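Before any comments, here is the structure.
This is a predicted model, so every value here is computed, not measured.
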Amino acid sequence: MSAPALAIEHLSVDYATAAGPLHALRDVGIEIGAGEIVGLVGESGCGKSTLIQAVLRLLSPNARITAGRMALAGVDLMGLDPEAMRKLRGDRISVVFQDPMTALNPVLTIGRQMVDIQYRRREPRAAKRRRAVEMLKRVHIPDPESRFDQYPHEFSGGMRQRIAIAMALMAEPALFIADEPTTALDATLEVATIELLKALQREIGCAILFVSHHLGVVAELCDRVNVMYAGEVVESGPVRPVFQRPQHPYTQRLLACDPARVRERTRHLPTIPGDLPDLVSLPPGCVFADRCPQVFEPCRRAPPPAVKTAELEALRCYLAKPSP
């Protein structure tokens, strides 16, 4: 059996602050099989970006991985020296970030940028140009031969996002990380981008970690989903049971806040009452206890373990019913 495209086990990350260590990630476990699309959702500040930076080994200087393991197709990422890790980035791991307006260098043509990122390929420049033009065709940039020498400001936001996706996928990576790639796009372009990612993923066969706060997009695109809250994965499993029959109280509240689920006209959108926990001084029990409508005495004593249920791969809640 082949190794998963990405395996993260018991990952914990701290940031050094004046008030003490901030426990940004705690005991996080995520697995993405080859050719699989896995979603990562949660409100702002839950640790999604820290997780991406940890996988890429691009954490800020005040961050430290305190525990855990990360492997890319069986290769231990934490055991690689900086030079070996640099060779993986942009080759075996590619990333598209959420803002297409700033992802491209404004003073270089898109063609120059697409050719330059192929510096690892020992091919003539003409061959690299042909590959770049072909990739622009695959992401539906009209008349790519003539637009190859244009600058980023000459393209719309949706086109720039597709160009960024094309650049990330040119290396045919084992893992493609999409960090909220549809955030800056309107609804029509969002749908087009989802369909594009599906088509390219089928062609290239790479695994995708799709990070988003847009629950509808994740439901449409992903095979499985991980729900994060305050640095922990609280619910993980196939998209259908997580979205249709959420079991963690946070997931239930998060889905209830989706404007698409509001059936009656109202002046006030639903919210989750309460505040996020202090990640420097964590509560002794469940991190969601102070905001949970179903809290009971065990929730205050100790953090709940992650258990496997009949439908879910992991559920971090004392209400969980473990599979027999």
Side-chain angles (χ1 to χ4, degrees), residues 6-14 22-32 38-52 54-55 67-68 180 209-215 218-219 222-258 261 270-279 281-323:
L6 178 67
I8 300 173
E9 300 173 1
H10 307 295
L11 180 67
S12 296
V13 175
D14 286 357
L22 185 147
H23 309 293
L25 295 180
R26 300 176 309 285
D27 196 28
V28 171
I30 292 175
E31 185 173 299
I32 307 175
V38 173
L40 185 65
V41 302
E43 59 192 323
S44 296
C46 70
K48 301 188 298 293
S49 295
T50 296
L51 180 62
I52 293 172
V55 171
E180 304 199 23
L209 176 60
F210 188 84
V211 182
S212 181
H213 64 273
H214 196 311
L215 303 176
V218 172
C222 298
D223 304 308
R224 295 186 295 113
V225 61
N226 297 272
V227 181
M228 288 193 72
Y229 176 75
E232 297 178 354
V233 174
V234 296
E235 188 163 354
S236 175
V239 163
R240 188 177 296 274
V242 171
F243 278 49
Q244 294 185 354
R245 296 176 297 279
Q247 296 183 39
H248 196 282
Y250 171 68
T251 309
Q252 295 168 1
R253 288 297 186 99
L254 184 67
L255 290 169
C257 292
D258 185 357
R261 294 182 177 231
T271 61
I272 303 176
D275 299 316
L276 286 164
D278 183 354
L279 297 185
S281 301
L282 288 166
C286 174
V287 289
F288 191 61
D290 288 342
R291 307 174 77 183
C292 181
Q294 302 175 64
V295 63
F296 64 118
E297 197 272 334
C299 305
R300 305 287 189 186
R301 288 202 308 257
V307 299
K308 183 178 177 61
T309 72
E311 291 189 306
L312 302 174
E313 294 155 9
L315 179 63
R316 198 178 290 272
C317 181
Y318 282 115
L319 298 172
K321 297 178 180 178
S323 57

Heavy atoms, side chains only, cut-off 4.5 Å: are [X] and [Y] in contact?
X: R245; Y: T251; answer: no
X: V225; Y: F243; answer: yes
X: P283; Y: R300; answer: no
X: Y318; Y: P303; answer: no
X: Q247; Y: L319; answer: no

Gap separating the [atom1] atom of [X] from the [atom2] atom of [Y], nearest 0.5 angstrom:
X: D278; Y: H23; atom1: CG; atom2: NE2; result: 9.0 Å
X: M228; Y: I30; atom1: CE; atom2: CD1; result: 6.5 Å
X: I32; Y: L209; atom1: CD1; atom2: CG; result: 4.5 Å

Applying side chain to side chain contact (heavy atoms under 4.5 Å, CB included) to E31 and E313, what does each step give before you reach the verdict?
CA-CA 10 Å; E31 185 173 299; E313 294 155 9; over 6 Å; no
Which atom pair, heavy atoms only, marks the closest approach of [X] to [Y]?
X: V239; Y: V218; value: CG2-O, 4.2 Å
X: S212; Y: E180; value: CA-CG, 3.8 Å
X: A54; Y: V13; value: CB-CG2, 4.4 Å
X: G29; Y: N226; value: O-OD1, 4.3 Å
X: I272; Y: C257; value: CG1-SG, 3.8 Å
X: L25; Y: G47; value: CD2-O, 3.6 Å

Is there a donor-acceptor contact under 3.5 Å from the side chain of [X] to the main chain of [Y]?
X: H248; Y: L315; value: no
X: E235; Y: V242; value: no
X: K48; Y: G42; value: yes
X: S12; Y: D27; value: yes

Taking 4.0 angstrom as the limit, do D14 and R26 come out as a salt bridge?
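So D14 does not pair with R26 through a salt bridge.
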Determine, stepwise, if the pair V287 / L282 fulfils side chain to side chain contact (heavy atoms under 4.5 Å, CB included).
CA-CA 7 Å; V287 289; L282 288 166; 4.3 Å; yes
Under the side chain to side chain contact (heavy atoms under 4.5 Å, CB included) criterion, do L51 and L11 qualify, and how do the steps go?
CA-CA 9 Å; L51 180 62; L11 180 67; 3.7 Å; yes
For Q294 and Q252, which I'm curious about, is there any donor-acceptor pair between the side chains at under 3.5 Å?
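Looking only at side-chain atoms, Q252 and Q294 do form a donor-acceptor pair, the distance falling under 3.5 Å.
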Would you please say whether a donor-acceptor pair under 3.5 Å links the side chains of Y229 and R291?
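A donor-acceptor contact under 3.5 Å links the two side chains.
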In terms of heavy-atom contacts, does CZ of R240 have more than 12 from other residues, nucleotides or ligands at under 6.0 Å?
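Open.
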R316 and Y250: side chain to side chain contact (heavy atoms under 4.5 Å, CB included), yes or no, with the steps?
CA-CA 10 Å; R316 198 178 290 272; Y250 171 68; over 6 Å; no
